[in-house]
Student: 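Dropping a structure here in structure tokens format, bear with me for questions.
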Amino acid sequence: MLLATWNINSIRARVDRAVAFLERTGVDVLALQETKVKDQAFPREPFEALGYEVVTHGYSQWNGVAVLSRVGVADVERGFPGQPTWGDPGVAEARALGVTCGGVRVWSLYVPNGREVGDPHYTYKLDWLAALRDAAQGWLATDPRAQVAMVGDWNVAPLDTDVWDVGWFAGRTHVTPAERDAFTAFAHAGYTEVSRVHLPAERTFTYWDYQQLRFPRDEGMRIDLTYASPALAARVTGARIERDERKGKQPSDHVPVVLEIAEP
DNA sequence: ATGACACGCGTTGCGTGA
């Protein structure tokens, strides 16, 4: 099975790219983030015509996640148990969608950005990651053999070599010890970040800002990552980053990450 | 060229992203 994750930065702006990507790669399950569309306006038909079932979770022009699957969809959960809310009154934002596809519990995740250190959004980000870790730990406690893939845009660069210039990031979000600790906590709970197992090279980026010629200069970040449960991690046989998706007309600022998963 | 931000909403700017 091929499982991919892609922060597409508006599905309506890039539906043709997504269709072409599925046709070209034959990915079985595609988890999307930043779809930026309400469920009723999601462009389902082009994907259904290709044989994919479409599960969406979007409230507005902000955030939004989805899962496209041609190996079945079951047990849809919009938001994870204990997911923190944002705003007053508090709202559980459309940042997490759980769908079981071909026997794998896929979570499409769009972790809050955090904006700036000390901003309420930053605290929200840390709380959100801690709550997700608690939920993920619970899934393994319930079933140590669970097949779980938490894929998406984590908005954390775990290593200094996951950003183009760690000096530029000094004092900014994505690289702070608190964010990295919140990310590493999933490993302590028994999960493995499986993309790095197969793509260990430094400066292997998945995101390049639209500004300042970041892509031509290869000044990017590695923030699109996958935590797999032990039973699923043992089945991951490869990973690749679809870097060419950053080229051409109207690209997303993120590219897809594809995982190869062997049959159990 | 991989090339100098882009999205949706709503209206000619604003909030957001990282």
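The figures that follow rest on heavy atoms only: side chains count, while hydrogens, waters and symmetry mates do not. So you know, we letter chains A, B, ... as the sequences are listed, proteins then strands, and number each from 1.
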Student: Taking the C1' atom in each of B:dA1 and B:dT11, what is the distance between them to the nearest angstrom?
Tutor: 36 Å
Student: Say we look at B:dG3 and B:dT16: how far apart would their P atoms be, to the nearest angstrom?
Tutor: 29 Å
Student: Grab the CD-C1' distance between A:E116 and B:dG15 for me, whole Å please.
Tutor: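 Going from CD in A:E116 over to C1' in B:dG15 covers 14 Å.
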Student: Grab the CZ-C1' distance between A:F169 and B:dA18 for me, whole Å please.
Tutor: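 These atoms are roughly 7 Å apart.
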Student: Please state the P separation for the pair B:dA6 and B:dG10 - nearest whole angstrom.
Tutor: 22 Å
Student: Counting any heavy atom closer than 4.0 Å, what does A:H121 reach on the DNA or RNA strands: base, sugar-phosphate only, or nothing?
Tutor: nothing
Student: Is the ring centre of A:F80 less than 6.0 Å from the ring centre of A:W139?
Tutor: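 Ring-ring flag for A:F80/A:W139: false, centres at least 6.0 Å apart.
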Student: Under 4.0 Å between any heavy atoms, over every strand shown, what does A:D153 touch: base, sugar-phosphate, or nothing? Just pick one.
Tutor: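 Touches sugar-phosphate only.
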Student: Whole Å only: how far is the OH atom of A:Y110 from the C1' atom of B:dC7?
Tutor: 11 Å
Student: Return whichever of A:W168 or A:R246 has its heavy-atom-nearest nucleotide of DNA chain B closer to the 5' end.
Tutor: A:R246
Student: Identify, between A:Q61 and A:N7, the residue whose nearest nucleotide on DNA chain B lies closer to the 5' end.
Tutor: A:Q61
Student: For the pair made of NZ in A:K36 and C1' in B:dG15, what is the distance, rounded to whole Å?
Tutor: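 Distance check: A:K36 NZ to B:dG15 C1' gives 10 Å.
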Student: Pick the P atom in B:dC14 and in B:dA4, then give their distance to the nearest Å.
Tutor: 24 Å
Student: Under the criterion side chain to side chain donor-acceptor pair (under 3.5 Å), I'd like the reasoning laid out for A:N7 against A:E34: C-alpha separation, chi angles, the key distance, then a yes or no.
Tutor: CA-CA 6 Å; A:N7 179 323; A:E34 280 210 270; 3.2 Å; yes
Student: Could you check whether A:R12 gets within reach of a base, just the sugar-phosphate, or nothing at all, counting any heavy atom under 4.0 Å?
Tutor: sugar-phosphate
Student: Using atom NZ of A:K247 as one end and atom C1' of B:dT2 as the other, report the distance to the nearest whole Å.
Tutor: 6 Å
Student: Is the shortest side-chain N/O distance from A:T173 to OP1 or OP2 of B:dA18 below 4.0 Å?
Tutor: no
Student: Between CG of A:N155 and CZ of A:F183, what distance do you get to the nearest 0.5 Å?
Tutor: 11.5 Å
Student: For B:dT2 versus B:dG13, give the span between their P atoms, rounded off to a whole number of Å.
Tutor: 33 Å
Student: What is the separation between atom CH2 on A:W164 and atom P on B:dT2, rounded to the nearest whole Å?
Tutor: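 About 22 Å, once rounded to whole Å.
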Student: Quick one: does A:R246's side chain have a donor or acceptor within less than 3.5 Å of a partner on A:W208's backbone?
Tutor: yes
Student: Output yes when a side-chain donor or acceptor of A:R95 lies under 3.5 Å from a complementary backbone atom of A:Y110, and no otherwise.
Tutor: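 Present.
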Student: At under 4.0 Å between heavy atoms, what does A:R172 touch on the DNA or RNA strands: base, sugar-phosphate, or nothing?
Tutor: nothing
Student: Assign A:W62 to base, sugar-phosphate, or nothing according to its heavy-atom contacts below 4.0 angstrom with the strands shown.
Tutor: base
Student: B:dA6 P sits how many Å from A:N113 CG, rounded?
Tutor: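 Going from A:N113 (CG) to B:dA6 (P), I get 19 Å.
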Student: Would you check, one step at a time, whether the test side-chain contact (heavy atoms from CB on, under 4.5 Å) holds for A:L97 with A:R78?
Tutor: CA-CA 5 Å; A:L97 173 62; A:R78 292 179 170 86; 3.9 Å; yes
Student: Within the 4.0 Å heavy-atom criterion, would you say A:D253 contacts the bases, only the backbone, or no part of the nucleic acid?
Tutor: nothing
Student: Starting at CZ of A:R243 and ending at C1' of B:dT2, how long is that distance when rounded to a whole Å?
Tutor: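 In whole Å, B:dT2 C1' lies 7 Å from A:R243 CZ.
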Student: When we call it a touch if two heavy atoms are under 4.0 Å apart, what does A:Q211 touch: a base, just sugar-phosphate, or nothing?
Tutor: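 Since a base atom lies under 4.0 Å of A:Q211, the category is base.
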